[in-house]
Amino acid sequence: MTAAWTIEAARARRGQALVLDGASLEVAPGEVLGVVGPNGAGKTSLLRAGLGLMPLEAGRALLAGRPVAGLNPVERARRVGYLPQERRLAWNLPAVDVVALGAPDLPLAEAVAIARERLGRVGIADLAERGVLDMSGGERARVLLARLLATRAPLLVADEPVAGLDPDAQLLTLDLLRAQAQAGTAVVVTLHDLGLAARACDRVLVLDHGRVAACGTPIEALSPAVLAAVFKLDGALVETPAGLVVAAKRRSPTPS
């Protein structure tokens, strides 16, 4: 089976700073891959470089086996839906219109119907006619998630989609992305909450200083050794009735 998205040995800079140093990623259809790491580890840079939104100094990125660099914007949009970390909206459009923008390939009536259905999935069907700038930050986040779901792309990439959401909305977001994977979509999501990553993802890729420090099942990738080396935590994943959680504390400073 061809991978939905492959990033090979990516090397990239932001200004003079090296933000990716040989990082690689691969996700298959039907899989949820979580990307985690400390602040500044290169998570957003990896997504953007792999989608052709920032230049690669070395390495390459493929969407369903085709080089991203050779795809025009329309071809790229058919293959991947992207939810960036920034939730900026410039115009106070009704939520249903914002979500319908996720399906520009459809006739307007069909796009609006899909938009209303996706707003229902994220729990805000009653806000379809409200302007997005009149909403709370959490409500706007749900609108943008609905727009991502409206793309119907075979690959969905979400950068910190649960940031700033209450616990119920966080779990709803990850449940919806999991449902997309179960329907055959490849899903890549960056997360800061390691416990959520462990529960929601089939595999976890750990970035540190632009390099892949670990990649595997949550138990493998978030081992005590990785928690200590990358996150400076003493702890481990623990199985609970609600799923895996991280039981950890900050590492004590080493005496000089």
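One is the number of the first residue; the rest follow in order along the sequence.
- Between the side chain of Arg79 and the backbone N or O of Leu155, no donor-acceptor pair lies under 3.5 Å.
- Between the CG atom in Leu156 and the CD atom in Gln180 there is a gap of 6.0 Å [rounded to 0.5 Å].
- Applying the side-chain hydrogen bond (donor to acceptor under 3.5 Å, both in side chains) definition to pairs two or more places apart or across chains, those involving residues 125-135 are Asn92-Asp134, Arg116-Glu129.
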- request: List the steps, then state whether side chain to side chain contact (heavy atoms under 4.5 Å, CB included) holds for Leu172 with Arg142.
  value: CA-CA 10 Å; Leu172 171 65; Arg142 292 191 187 217; 3.6 Å; yes
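- Hydrophobic clustering keeps Leu18 apart from Ile7 (ILVMFWY residues linked when any side-chain heavy atoms are closer than 4.5 Å, directly or through intermediates).
- Here the CZ-CZ distance, from Arg118 to Arg147, works out to 14.5 Å after rounding to the nearest 0.5 Å.
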message: Assess the residue pair Glu239 and Leu244 against the criterion (side chain to side chain contact (heavy atoms under 4.5 Å, CB included)); give the C-alpha distance rounded to whole Å, side-chain angles, the decisive distance to 0.1 Å, and a yes or no.
response: CA-CA 5 Å; Glu239 185 69 61; Leu244 292 168; 3.6 Å; yes
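- Surrounding CZ of Arg60 are at most 12 heavy atoms belonging to other residues, nucleotides or ligands under 6.0 Å away.
- In terms of heavy atoms, Leu71 sits closest to Arg76 at O-NH2, 3.5 Å.
- Residues Leu148 and Val143 share a hydrophobic cluster, clusters being chains of Ile/Leu/Val/Met/Phe/Trp/Tyr side chains in contact below 4.5 Å.
- Both Leu89 and Leu127 are assigned to one and the same hydrophobic cluster, defined by single-linkage of ILVMFWY side chains at heavy-atom distances under 4.5 Å.
- In this structure, Ala125 and Gly120 approach most closely via the heavy-atom pair CB-CA, 3.9 Å.
- None of Thr2, Thr6, Val68 except one satisfies the side chain to side chain contact (heavy atoms under 4.5 Å, CB included) rule with Leu63; the exception is Val68.
- The two atoms that bring Val157 and Trp5 nearest to each other are CG2-CZ3, 3.7 Å, heavy atoms only.
- Shown are Val19, Leu20, Asp21, Leu56; of these, the side chain to side chain contact (heavy atoms under 4.5 Å, CB included) with Arg11 is made only by Asp21.
- Contact detail for Val206 and Ala221: the closest heavy-atom pair is CG2-O, 3.6 Å.
- To the nearest 0.5 Å, the span separating CD on Gln182 from CD on Glu31 amounts to 13.5 Å.
- Separating the CG atom in Leu62 from the CD atom in Glu8 is a distance of 5.5 Å, to the nearest 0.5 Å.
- Applying side chain to side chain contact (heavy atoms under 4.5 Å, CB included) to Leu191 and the options Asp159, Val35, Val162, Val204 leaves one that passes, Val162.
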Listing, residues 96-115 side-chain donor-acceptor contacts under 3.5 Å, not counting sequence neighbours, or none:
residue : atom : partner : partner atom : Å
Asp105  : OD1  : Arg152  : NH2          : 3.4
Asp105  : OD2  : Arg152  : NH2          : 2.8

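- Counted within 6.0 Å of CZ on Arg78, heavy atoms from surrounding residues, nucleotides or ligands total 12 or fewer; the atom is thus considered open.
- Contact check for Leu227 versus Leu194: side-chain heavy atoms found under the 4.5 Å cut-off.
- The pair Asp234-Arg251 meets the salt-bridge criterion, since a charged nitrogen lies less than 4.0 angstrom from a carboxylate oxygen.
- Judged purely by atom type and a 3.5 angstrom limit, Arg87 uses its side chain to pair as donor or acceptor with the backbone of Pro161.
- Under the 4.5 Å side-chain heavy-atom criterion for grouping Ile, Leu, Val, Met, Phe, Trp and Tyr, Val80 is connected to Leu25 within one hydrophobic cluster.
- Judged by distance alone, with hydrogens and angles left aside, the side-chain atoms of Lys43 form no donor-acceptor pair with the main-chain N or O of Val189 at under 3.5 Å.
- Leu53 and Leu83 are members of different hydrophobic clusters when ILVMFWY side chains are connected at heavy-atom separations under 4.5 Å.
- When side chains are defined from C-beta on, Leu177 does not count as touching Thr185, because their heavy atoms never get closer than 4.5 Å.
- Asp175 and Arg199 are not joined by a salt bridge, as no carboxylate oxygen comes within less than 4.0 angstrom of a charged side-chain nitrogen.
- A donor-acceptor pair under 3.5 Å links the side-chain atoms of Gln170 to the main chain of Leu165, judged by distance alone.
- Without hydrogens or angle criteria, Arg140 side chain to Met135 main chain gives a donor-acceptor distance under 3.5 Å.
- For the pair Arg48 (side chain) and Met54 (backbone), a donor-acceptor distance under 3.5 Å is absent.
- When each of Thr217, Leu33, Val32 is paired with Asp202, the side chain to side chain contact (heavy atoms under 4.5 Å, CB included) condition holds for Val32 and for no other.
- Scanning all heavy atoms of the two residues, the minimum distance from Ala23 to Gly210 falls at CB-O, 3.5 Å.
- Between Leu171 and Leu196 the shortest side-chain heavy-atom distance falls below 4.5 Å.
- Looking at heavy atoms from C-beta onward, Asn39 lies in side-chain contact with His192 at the 4.5 angstrom threshold.
- Looking at every heavy atom in both residues, Pro218 comes nearest to Leu237 through O-CD1, 3.3 Å.
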